[in-house]
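See below for the structure under consideration.
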Amino acid sequence: SRFMKTKLIIGCGVGGLILLIGGLVFFKQKEDPLASYVFESVTIQDLTQTVSVTGIIIPASDVTLAFETGGRIGYVRGGVGTRVYKNMVLASLVSSDIASDLAQAQAVVVGAQATLKQQEAGLEAQQVKLIELEKGARPEEIQVQETAWNIAQSDLLQLQSSQSSLLMNAQIQADDAVNRLTDDFFTNDQSAVPHLQFQTSSSVGSGFLEDQRVSVQSVLEMFSLTQLSEAKSQLLEIKSYLSFLTTAFDQVIGYADGTSVSSTTITTNKTSLKTALSAIQASIDTLSDRENAIASQKLVVKKMQNALMLKKAPATQEQLSAQQAVMKQAEALVEVQKANIAQAQAKVQSIQVQFFKKSIVAPFSGIISKQDAHVGEIVVASTPVVSVISDAAYEIEAHIPEVDVGLIQIGQRSEVHLDAYPSDVF
């Protein structure tokens, strides 16, 4: 049984009492009259009065629980005697739809909070930008920008100064392609009257090729060693000449004197033409890359220069006003998002309330003393189904007679005697 019979003994102190304890007096005629008495010294001592009552032991907490709404039971924690803890779900109704709604609502809150962090970061960035505009650039920032501009200029100068070696290499490649690799195609090739040594069935005639040979010789003699664009244009003329020569030789008939050209010679000459064209194209690509690199670097230098001028220049009133407007807009977005979060959290709380109404939760730790809930059973709202008693703390309930109430006070110690433990005093 959870009720145990007890005896509660409460003691109290009163004022001092002078006690005189006498023994039996034996009268003897022939002895001293005082010899028949016992004497004690007068002292101050406590006088104890005991109040004894009978009571029962009861749990400190005892509660019977019911569902706030009706429905079908989907979960039961355990039966009578099962130990439970505070806030533990003891039984719940089927609520899969509510659980899904709750998960979705919680996800909305998480997403809204993430958006708020982004907007707060954006607002902070705009605030920093406004402060920077108001203060202007710091000396160290200007120094950094000047350094970046100087580096960009230095890189541009290096690109421009090293282009002369590229142009010289291009000239060498062009001379090799025209005067060495195609030398066997003409007699008097470097003179004003070169003569083509083979006959061809191509529409590209010998007279045209001989005029081209004179032109490319002039190009070689005036090859630019200072301007990338001019040198590239000259290389394109040489490439065009080599292409015409290749087309004509692909349909070679024989030598100009009527003798035939051996297959070995044809193969060798075609290889030379192919090598010459590849070398010229490589030079064109190299000069184009350097030309593009210089143009890009000039843009970088200009960009660095503009950034430096912007750093040195104070912010205008229009810039400040525009930045203030941007910052106010960012602040408004933050406030709107906070409102969205509050709304989303309110929806979560609303769904949680619905969810909790479909659950019975232990209000304290203890033991189930009654369990009338069964999975699959349909219950009506407010019908008691589970009872829980505490197992950690107990109270003794005893009634003090009215005549003894005045003898006891809060804070006095008491002795408890339990029937189950007759030899122990608590």
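Keep in mind it's a predicted model, so treat the numbers as computed, not measured. As a basis for the values below, the full set of heavy atoms in this structure was taken, side chains included, without hydrogen atoms, waters or symmetry mates.
- Taking 4.0 Å as the cut-off between side-chain N and carboxylate O, Lys370 and Asp372 count as a salt-bridged pair.
- Side-chain contact of Ser387 with Thr64: a donor-acceptor pair under 3.5 Å is present, judged by distance alone.
- Open room surrounds CD on Gln343; 12 or fewer heavy atoms of other groups in view lie less than 6.0 Å from it.
- No side-chain donor-acceptor contact under 3.5 Å links Asn150 and Glu146.
- Within a 6.0 Å sphere centred on CD of Gln158, heavy atoms belonging to other residues, nucleotides or ligands number 12 at most.
- Between the side chain of Arg213 and the main chain of Phe186, no donor-acceptor pair closer than 3.5 Å is present.
- Leu159 and Ala293 get closest at one heavy-atom pair: CD1-O, 3.8 Å.
- For CD of Glu124, the number of neighbouring non-hydrogen atoms (other residues, nucleotides, ligands) closer than 6.0 Å is 12 at most.
- Using a 4.5 Å heavy-atom threshold, the side chains of Val108 and Val110 count as separate.
- Across Phe364 and Ile389, no two heavy atoms sit closer than the pair CE1-C, 3.7 Å.
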>> side-chain contact (heavy atoms from CB on, under 4.5 Å) for Thr82 and Leu90? Distances and angles first, verdict last.
In response: CA-CA 10 Å; Thr82 301; Leu90 305 181; over 6 Å; no
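- Proximity of Asp155 to Leu157: side-chain heavy atoms (C-beta onward) are nowhere separated by under 4.5 Å.
- The heavy-atom pair separating Ala248 from Val204 by the smallest distance is CB-O, 4.1 Å.
- In terms of modelled atom types and a separation under 3.5 Å, the side chain of Ser359 and the main chain of Val361 share no donor-acceptor contact.
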> Taking it one step at a time, do Lys338 and Glu120 satisfy side-chain contact (heavy atoms from CB on, under 4.5 Å)?
Replying inline: CA-CA 10 Å; Lys338 287 181 178 179; Glu120 287 176 338; 4.0 Å; yes
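- The 12-atom threshold is exceeded at CD of Glu140, counting heavy atoms of other residues, nucleotides or ligands nearer than 6.0 Å.
- Listed here is the closest heavy atom pair of Ser283 and Ala170: OG-CA, 4.0 Å.
- Residues Leu228 and Ile294 have side chains in contact (heavy-atom distance under 4.5 Å, counting atoms from C-beta outward).
- Counting only heavy atoms from C-beta outward, the side chains of Glu291 and Ser229 approach each other to under 4.5 Å.
- Of the inter-residue distances, the one linking Ser224 atom OG with Gln171 atom CD reads 9.5 Å to the nearest 0.5 angstrom.
- Counting only heavy atoms from C-beta outward, the side chains of Lys347 and Gln352 never approach each other to under 4.5 Å.
- A 6.0 Å sphere centred on CD of Gln329 holds no more than 12 heavy atoms belonging to other residues, nucleotides or ligands.
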>> With side-chain contact (heavy atoms from CB on, under 4.5 Å) as the criterion, how do Val379 and Glu377 come out once you've worked through the C-alpha distance, each side chain's angles and the decisive distance to 0.1 Å?
In response: CA-CA 6 Å; Val379 295; Glu377 180 183 6; 4.3 Å; yes
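- Here the side chain of Gln337 pairs no donor or acceptor atom with the backbone of Thr115 at under 3.5 angstrom.
- Distance alone, capped at 3.5 Å, places no donor-acceptor pair between the Gln281 side chain and the Ser278 backbone.
- Taking CD1 of Ile280 as the start and OG1 of Thr275 as the end, the distance is 11.5 Å to the nearest 0.5 Å.
- A distance-only check finds a donor-acceptor pair linking the side chain of Asn169 to the backbone of Ser165 [under 3.5 Å].
- Here CD of Gln212 is found 13.0 Å from CD of Gln217. Values are rounded to the nearest 0.5 Å.
- To the nearest 0.5 Å, atoms CD1 (Ile266) and CZ (Phe249) are separated by 5.5 Å.
- Using a 4.5 Å cut-off on side-chain heavy atoms (C-beta onward), Leu123 and Met327 make contact.
- Side-chain N or O atoms of Ser365 include one that pairs as donor or acceptor with a backbone N or O of Lys86 at under 3.5 Å.
- Under the 3.5 Å distance criterion, the side-chain polar atoms of Gln234 are left unmatched by any main-chain donor or acceptor of Leu220.
- Side chain of Ser243 to backbone of Lys239: a donor-acceptor contact under 3.5 angstrom is found.
- Contact record, Leu287 with Lys232: CD1-N, 4.0 Å, taken as the closest heavy-atom pair.
- Within the 3.5 Å criterion, the main-chain N or O of Val219 finds no donor-acceptor partner in the side chain of Glu237.
- Distance check: Asp189 CG to Glu210 CD gives 11.5 Å after rounding to the nearest 0.5 Å.
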>> Would Ser262 and Thr265 count as a side-chain contact (heavy atoms from CB on, under 4.5 Å) here? Give the steps.
In response: CA-CA 5 Å; Ser262 67; Thr265 302; 2.8 Å; yes
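- Between the Thr259 side chain and the Tyr255 main chain, no donor and acceptor come within less than 3.5 Å of each other.
- Here the NE2-OG1 distance, from His399 to Thr54, works out to 11.5 Å after rounding to the nearest 0.5 Å.
- With contacts defined as side-chain heavy-atom distances shorter than 4.5 Å, the pair Val348/Leu102 qualifies.
- Put simply, the side chain of Gln371 reaches to within 4.5 Å of the side chain of Ile368, judged on heavy atoms.
- What you find for Thr286 and Leu166 is that their closest heavy atoms are CG2-CD2, 3.9 Å.
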